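Here is the structure we will look at.
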2 protein chains.
Amino acid sequence: MFSGCQFSLYPMSDNFVEVILPAVKAMGNPEDLRIETDDISTLVVGQPERVFEVVAKAYEAACRAGKHVVLSALFSRGCPGEPDDPLCTPEGPSKGVHEGARQDAGADSATRGAGTSSIATTGVEIDAQFSLYPLGIAEYMTTIASTVRAVKKAGVYDRSKNFCTRLSGDLSAVFAAVERAFDEAARDTGHVVIHLTASKGSPSKKQNSDSM
Amino acid sequence: MFSGCQFSLYPMSDNFVEVILPAVKAMGNPEDLRIETDDISTLVVGQPERVFEVVAKAYEAACRAGKHVVLSALFSRGCPGEPDDPLCTPEGPSKGVHEGARQDAGADSATRGAGTSSIATTGVEIDAQFSLYPLGIAEYMTTIASTVRAVKKAGVYDRSKNFCTRLSGDLSAVFAAVERAFDEAARDTGHVVIHLTASKGSPSKKQNSDSM
């Protein structure tokens with residue numbers, strides 16, 4: 001399986017370079033990931049949980065350094081057009097830092113309740129929307145519907161919008177919900193893509209989200 | 001059919017609000033479109049060619065007002081989860097402003113050559129990448145491959161990246177190529193989504209793209 005992410009950080013400020021570069025560096029240079037940056041996006045290739053982990057880390061760093069910062073990320077797993085890569089295949093039990101998120105993702109939907117109580121919060125409040133694409137199957141709308149139902153139980157669901165689902169909450173909880181959607185959909189098809197847009201500190205939001 | 005776009009403009013500057021709001025207003029308030037903005041994105045609902053036209057218009061306006069400006073756009077047509085809307089169904093021949101683009105899109109792939117010569121250029125050079133999702137069909141990779149082959153003939157193809165296809169050229173030509181991909185893929189399945197990221201003026205790009 002090949003899995004990874006193309007993501008971009010958009011700090012709405014003159015000093016955007018000083019926000020982006022340290023945030024990308026915050027991911028480190030771990031041996032279990034391949035990270036490449038060009039002028040449009042940064043590619044991270046590796047196991048899905050590790051990919052979510054470091055992209056969240058980069059976005060969190062950017063949010064702390066900038067005022068209004070947006071993340072746009074494409075998460076993909078199982079694209080048949082990409083080569084298999086040992087980096088992307090788990091060798092053993094999860095070694096992820098977000099243990100709370102992983103335990104949460106492993107729990108049954110019905111028992112999750114608020115769902116995010118076990119996740120270590122970052123204190124960074126974000127608004128987000130994501131679109132899920134389970135590819136190669138006729139019944140993909142059923143997969144989307146059941147996945148969104150699961151996400152609704154994660155405590156960060158805001159509302160449905162045209163073409164996407166809107167979330168709101170702590171950065172960790174939002175990422176855990178999106179990662180859960182990614183995992184859930186992968187039960188139905190090998191090739192799953194999620195596009196996530198996350199926004200922190202927008203002046204258009206009535207509620208003051210700069211209070212972190 | 002329901003078709004539309006969720007898009008966001010990201011000017012990397014302190015005065016981002018003064019770049020975004022006039023750009024969104026540049027779309028006008030046409031009767032044949034429904035336009036709604038929240039703090040994450042702007043929704044445009046209408047016929048695909050009109051949607052591409054006004055989103056290009058908004059991005060062009062933002063590019064002219066800002067220095068480094070990114071567009072992130074989700075174009076969708078035929079999502080079965082959305083209600084049919086008369087706004088989205090063409091009543092007659094195209095009335096689009098981008099006649100060049102439309103004629104081009106209607107031409108046979110093999111005869112296109114450079115392909116974009118008939119499109120009125122904006123003088124705004126951009127770099128872009130897009131991902132195409134033909135949904136609900138097992139043979140979606142065939143659709144993607146043939147669509148990318150057609151895009152390669154449009155004169156703006158740069159290279160393949162993981163999970164996406166990179167383009168470079170005049171804003172009009174890039175949009176025409178992406179719209180063409182959208183139309184091409186719709187021959188194979190009713191539900192097609194394209195995510196487009198376009199970037200103008202990035203300092204990370206070696207070539208000076210601020211010369212517009």
Side-chain angles (χ1 to χ4, degrees), chain A residues 2 4-6 8 10-17 19-21 34 36-41 43 45 67-68 70 72 74-76 79-82 127-129 131 133-141 144-145 160-164 166 191 193 195 197-199 202-207 209, chain B residues 2 4-6 8 10-17 19-21 34 36-41 43 45 67-68 70 72 74-76 79-82 127-129 131 133-141 144-145 160-164 166 191 193 195 197-199 202-207 209:
Chain A
F2 190 88
C5 177
Q6 290 279 9
S8 305
Y10 305 123
M12 256 56 76
S13 58
D14 291 345
N15 71 335
F16 64 95
V17 175
V19 176
I20 293 172
L21 296 186
R34 180 157 61 88
E36 296 169 4
T37 298
D38 70 13
D39 57 302
I40 298 186
S41 59
L43 171 73
V45 175
K67 195 172 176 190
H68 177 24
V70 169
S72 178
L74 176 176
F75 296 95
S76 174
C79 178
E82 308 280 357
D127 294 277
Q129 59 197 32
S131 301
Y133 307 112
L135 290 147
I137 52 172
E139 299 303 314
Y140 67 105
M141 289 301 290
I144 292 173
S160 286
K161 291 175 63 172
N162 292 105
F163 316 131
C164 53
R166 191 174 159 130
H191 187 187
V193 177
H195 279 260
T197 303
S199 171
S202 168
S204 301
K205 195 164 187 277
K206 285 173 189 169
Q207 173 191 332
S209 51
Chain B
F2 190 88
C5 177
Q6 289 278 10
S8 305
Y10 305 122
M12 255 56 76
S13 58
D14 291 345
N15 70 337
F16 64 95
V17 174
V19 176
I20 294 172
L21 296 185
R34 179 157 61 88
E36 297 168 5
T37 298
D38 69 14
D39 57 302
I40 298 186
S41 59
L43 171 72
V45 175
K67 195 172 176 190
H68 176 25
V70 168
S72 178
L74 176 176
F75 296 95
S76 174
C79 178
E82 309 280 358
D127 294 277
Q129 60 196 33
S131 302
Y133 307 111
L135 290 148
I137 52 171
E139 298 303 315
Y140 68 105
M141 289 300 292
I144 293 173
S160 286
K161 290 176 61 172
N162 292 105
F163 317 130
C164 53
R166 191 175 159 129
H191 187 187
V193 177
H195 279 260
T197 303
S199 172
S202 168
S204 303
K205 192 161 191 281
K206 286 173 189 168
Q207 172 189 333
S209 51

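In what follows, chains are A, B, ... by sequence order, proteins preceding strands, each numbered from 1. Because the structure is predicted, anything quoted here is derived from the model rather than measured. Computed over heavy atoms, backbone and side chain alike; hydrogens, waters and symmetry mates excluded.
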Picking from A/Ser72, A/Cys164, A/Ser41, which has the most non-hydrogen pairs under 4.5 angstrom with chain B?
-> A/Ser41
Applying ring pair (Phe, Tyr, Trp, His ring centres under 6.0 Å) to B/Tyr10 and not counting sequence neighbours gives A/Tyr10
What part of B/Met141 lies closer than 4.5 angstrom to a heavy atom of chain A: side chain, backbone, both or neither?
-> side chain
Option in A/Pro80, A/Ser160, A/Cys5 with maximal non-hydrogen atom pairs under 4.5 Å from chain B | A/Pro80
Do B/Leu74 and A/Ser131 touch side chain to side chain, with heavy atoms closer than 4.5 Å?
-> yes
Counting heavy-atom pairs under 4.5 angstrom with chain B, the leader among A/Pro134, A/Ala138, A/Ser8 is A/Ala138
Go through A/Val45, A/Thr197, A/Asp38 and name the one with the most non-hydrogen pairs under 4.5 angstrom from chain B.
-> A/Asp38
With A/Asp39, which residues qualify under side-chain contact (heavy atoms from CB on, under 4.5 Å), at least two apart?
-> B/Asp127, B/Arg166, B/Ser202, B/Ser204, B/Lys205
Can you tell which part of A/Leu135 gets under 4.5 Å to a heavy atom of chain B, answering side chain, backbone, both or neither?
-> both
Partner chain A: residue of B/Ile144, B/Ile137, B/Val17 with the largest heavy-atom pair count (under 4.5 Å) = B/Ile137
Are the side chains of A/Met12 and B/Pro11 in touch, meaning some heavy atoms are under 4.5 Å apart?
-> yes
Side chain, backbone, both or neither of B/Val193 within contact of chain A (heavy atoms, under 4.5 Å) = side chain
Can you say whether B/Phe163 sits under 4.5 Å from chain A via the side chain, the backbone, both, or neither, judging by heavy atoms?
-> both
Nearest non-hydrogen partners of B/Asn162 and A/Gln6, listed with the distance | O-NE2, 3.0 Å
When heavy-atom pairs shorter than 4.5 Å are enumerated against chain B, which of A/Lys161, A/Glu36, A/Glu139, A/His191 gives the highest number?
-> A/Lys161
Plane angle bin for A/His68 and B/Phe16 - parallel if under 30°, tilted between 30 and 60°, otherwise perpendicular | tilted
Side chain, backbone, both or neither: which part of B/Ala128 has a non-hydrogen atom closer than 4.5 Å to chain A?
-> backbone
